[in-house]
Amino acid sequence: MTLPANISSTVIDSLKAAVGPGGWTDDPDLLAPFLVEWRDTWRGSTPLMLSPATTAEASAVLGICHANRIAVTTQGGNTGLVGGQIPQGEVLISTRRMKAIRSIDPLDDSIVAEAGCILTEVHAAAATVNKRFPLVLASQGSATIGGLISTNAGGVHVRRHGMMRALVLGLEAVLPDGSVFSELTSLRKDNTGYDLKQLLIGAEGTLGLVTAASLRLVPVPRAMVVSMLAVESAAIAVDLLHRLEERTGAVAAFELINHTGVAMALKNLPNVKDPLAHTRAPWRVLVEFESSADGLSDLAETALGEAIEDGLIIDCLISQNEAQAQDFWLLREEMSAAQRPEGASAKHDISVPVSRIPAFLEQADTVVETVIPGCQIVSFGHASDGNIHYDVVQPVGMDPAAFKAKAPALIEAVHDVAVSLQGSISAEHGIGISRRDEFIRREPPAHLKLMHAIKAGIDPHGIMNPR
C-alpha cells in the first residue's frame, strides 16, 4: 500500500524501531487477516501494522504518531461487530503481543491482565486461585481484554455481574500523545476526583490504547443448573424471569430465542441440537442458575415445577451433566452462524427496558413486514437485561442485492421502535463504522458537544480511531 503523504520513510523507520523486528509487518499476506471483520462485513487497509509488546513500546509508538499527526486504529482480537477495529488507511496498532497475566490476588479478588490476553486465558488464570472472572460471551475464545474494555462488552451475566464497566477496577492506557495513564488499583472505593478510567471504557479506542487492566473476580459458584424451557410468548418469558428470581435468588443468565432462530440452527448447523425437539413452541428460554449455597438443584426444580403447574412453561429440560449444558448453550451461541446460509441480513443490537421487550418485538415485527414483506426474523439475546439481537434475514428467494438496498430503511425503522420505547440502538456492540452516522444523527446536541470537548482535550490532533 502507498504510504500517506505525512508518513516519511524516516518516520516509518522510527515506528518499526520502537517495536523491534518482531513487532511490525507491512506484508500484505500477513496483514490480510487483520483487515477484515470476521463476518466479512467490513474490509480495510493499512500501510503498517505495529504490535507493541510492552506499555513502553506502545507509548513510543503513539508519541511518534502524535508528533507526526499520523492516524491510528487500535485492534484487539478482531471480534468486533461494527467495524471499529478495521483500519481505513490508518496505521494499525494490535495488542496481540501484550498477553501477560501480571498478577492475581485472591484476597483482593483481583487480577491484572494485559490488553492482548484472550478472555478464556483470564478465566483459566482466575480458576488457579479458585476465583472466576464473570464475563462470558460467545467470542470468549478470541476476544481480548483490551477490546472488551474498549467496547464495554456485556455477555450473558450482565444482570448479575454488570457490564465491563462494573468489572474493571483500574486501568493502564497510553494516551494519544504517548503519555501513560496508570491506575492499576484493586480499590473498590476511591472518591479522589473524576473516575477517569470510565472515559476509556467503552470509548472504542478513540481516547487512548488500553494496555492492561485490574479486573474484579468473584467466587466460583458451588453449584450450577442449566435449563431449556419452551414458552408461548416473550411476555410470559419476562414474567418468568422475575418469578424465577424471586423464587430462587440464583438466576445468573436468562436468554431468549425465537422459533425461527431454532429452526435455522437445526437446518443449517449439524452440530446443534434442540433439547426440546418434540415441543413446538414460539420461544425457547435458556436459564442458568448458580449459587454457593447447598440445595440449588432442588430449589431450581421446585421453582420450574411451580411455573409449569401455573402454565407459564410449556416444557422444560434440566441438563444432567456439563456436556448437556454445553449443548444447550451451543444452540444460543450459534444463532449468528445459523443465519449465514439463508442469505443477506440486517443486524440489530438494541436494548429496551426489560418490561418493554414484548412491545418492541411486536412493533418491530410489524414495521419489518411493512418495509420488506416476508422477511425471516431471528430474535434472540439477553432478556434479563433488555438486550435483544434482532436480526432480519432476507425473504426466501429474494435477491440479496435487492434486500441490501432496502436494509438501511429497515434498520432505521427498527431503531425508531427501540428509541420510541426509551431504548438504545447499541446495547453492547458499540458504534464503530456501522452505527456512526446514525449515532450522530440521533444523539442529543448537548451530548455530542460534551463528547467533542472530551475528545479535543485528550486527542487534540484527532489521531485515535478518527472515523
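For this chain, numbers begin at 1 and follow the sequence in order.
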Does the side chain of [Y] come within less than 4.5 Å of [X]'s, by heavy atoms?
X      : Y      : value
Ser336 : Phe380 : yes
Cys316 : Ile308 : yes
Ile257 : Met335 : yes
Arg160 : Ser384 : no
His389 : His382 : yes
Ser214 : Thr185 : no
Val225 : Ile318 : yes
Asp385 : Val354 : no

Tell me every residue that passes side chain to side chain donor-acceptor pair (under 3.5 Å) with [X], counting only those two or more places apart in sequence or in another chain.
X      : answer
His348 : none
Asp190 : Thr192
Glu306 : Arg247

Any side-chain donor near an acceptor of the partner, Glu288 and Trp329, under 3.5 Å: yes

Side-chain donor-acceptor pair present, Tyr390, Asp365, cut-off under 3.5 Å: yes

Under a 4.0 Å N-O cut-off, is there an ion pair linking [X] with [Y]?
X      : Y      : result
Arg435 : Asp349 : no
Glu114 : Lys99  : no
Arg102 : Glu172 : yes
Asp416 : Arg442 : yes

For Thr73, side chain to side chain contact (heavy atoms under 4.5 Å, CB included) partners two or more places apart: Pro87, Glu90, Leu92, Asn465, Arg467

Side chain to side chain contact (heavy atoms under 4.5 Å, CB included) against Ala325, all qualifying residues, sequence neighbours excluded: Val226, Ser319

Summary of salt bridge (Lys or Arg N to Asp or Glu O under 4.0 Å) pairs that have at least one residue in [range], sequence neighbours excluded:
range            : result
residues 122-135 : Asp109-Lys131, Arg132-Glu290
residues 386-396 : Lys347-Asp391
residues 140-154 : none
residues 213-233 : Arg222-Asp294

In Å, rounded to the nearest 0.5 Å, how long is the span from [atom1] of [X] to [atom2] of [Y]?
X      : Y      : atom1 : atom2 : answer
Thr144 : Ile149 : OG1   : CD1   : 9.0 Å
Leu217 : Asn130 : CG    : CG    : 11.0 Å
Asn387 : Leu256 : CG    : CG    : 11.5 Å
Leu361 : Ile350 : CG    : CD1   : 7.5 Å
Phe34  : Gln75  : CZ    : CD    : 6.5 Å
Ser227 : Phe254 : OG    : CZ    : 10.0 Å

[X] and [Y]: which non-hydrogen atoms are nearest, and at how many Å?
X      : Y      : answer
Lys197 : Leu171 : O-CD1, 3.7 Å
Ile86  : Val36  : CD1-C, 3.7 Å
Leu167 : Gly162 : CD1-O, 4.2 Å
Ala253 : His157 : CB-CD2, 3.9 Å
Val393 : Val378 : CG2-CG2, 4.4 Å
Thr79  : Ala143 : OG1-CB, 3.7 Å

Would a distance-only check, ignoring hydrogens and angles, find a side-chain to backbone donor-acceptor pair under 3.5 Å from [X] to [Y]?
X      : Y      : result
Arg96  : Gly116 : no
Asn258 : Ile377 : yes
Thr46  : Met49  : no
Glu37  : Thr41  : yes
Arg165 : Gln198 : yes
Gln140 : Thr120 : no

Just distance, no hydrogens or angles: give the donor-acceptor pairs under 3.5 Å from side chains in residues 261-277, sequence neighbours left out.
| from | atom 1 | to | atom 2 | distance (Å) |
| --- | --- | --- | --- | --- |
| Lys267 | NZ | Glu342 | OE2 | 3.1 |
| Asn268 | ND2 | Met264 | O | 3.4 |
| Asn268 | ND2 | Ala338 | O | 2.8 |
| Asn268 | ND2 | Glu342 | OE2 | 3.0 |
| Asp274 | OD1 | Leu276 | N | 3.0 |
| Asp274 | OD1 | Arg284 | NE | 3.3 |
| Asp274 | OD2 | Arg284 | NH2 | 2.8 |

N/O donor-acceptor pairs under 3.5 Å from side chains in residues 405-412, not counting sequence neighbours:
| from | atom 1 | to | atom 2 | distance (Å) |
| --- | --- | --- | --- | --- |
| Glu412 | OE1 | Arg441 | NH2 | 2.5 |
| Glu412 | OE2 | Arg441 | NH2 | 3.2 |

Ile388/Val352 under side chain to side chain contact (heavy atoms under 4.5 Å, CB included): CA gap, chis, key distance, verdict: CA-CA 8 Å; Ile388 299 297; Val352 293; 5.7 Å; no

Side chain to side chain contact (heavy atoms under 4.5 Å, CB included) evaluation trace for Thr151 with Glu428: CA-CA 7 Å; Thr151 56; Glu428 63 179 359; over 6 Å; no

Whether over 12 other heavy atoms sit under 6.0 Å from Gln422 CD: yes

Crowding at CZ, Arg436 (>12 non-hydrogen neighbours, <6.0 Å): yes

Residues Ser110, Leu215; criterion side chain to side chain contact (heavy atoms under 4.5 Å, CB included); working and verdict: CA-CA 5 Å; Ser110 66; Leu215 304 171; over 6 Å; no

From CA spacing to verdict: side chain to side chain contact (heavy atoms under 4.5 Å, CB included), Thr366, Gln363: CA-CA 5 Å; Thr366 298; Gln363 294 177 33; 5.6 Å; no

Counting only pairs under 3.5 Å, give me each side-chain donor-acceptor contact of residues 396-403, with atom names and distances, residues two or more places apart or in other chains.
| from | atom 1 | to | atom 2 | distance (Å) |
| --- | --- | --- | --- | --- |
| Asp399 | OD1 | Ala401 | N | 3.4 |

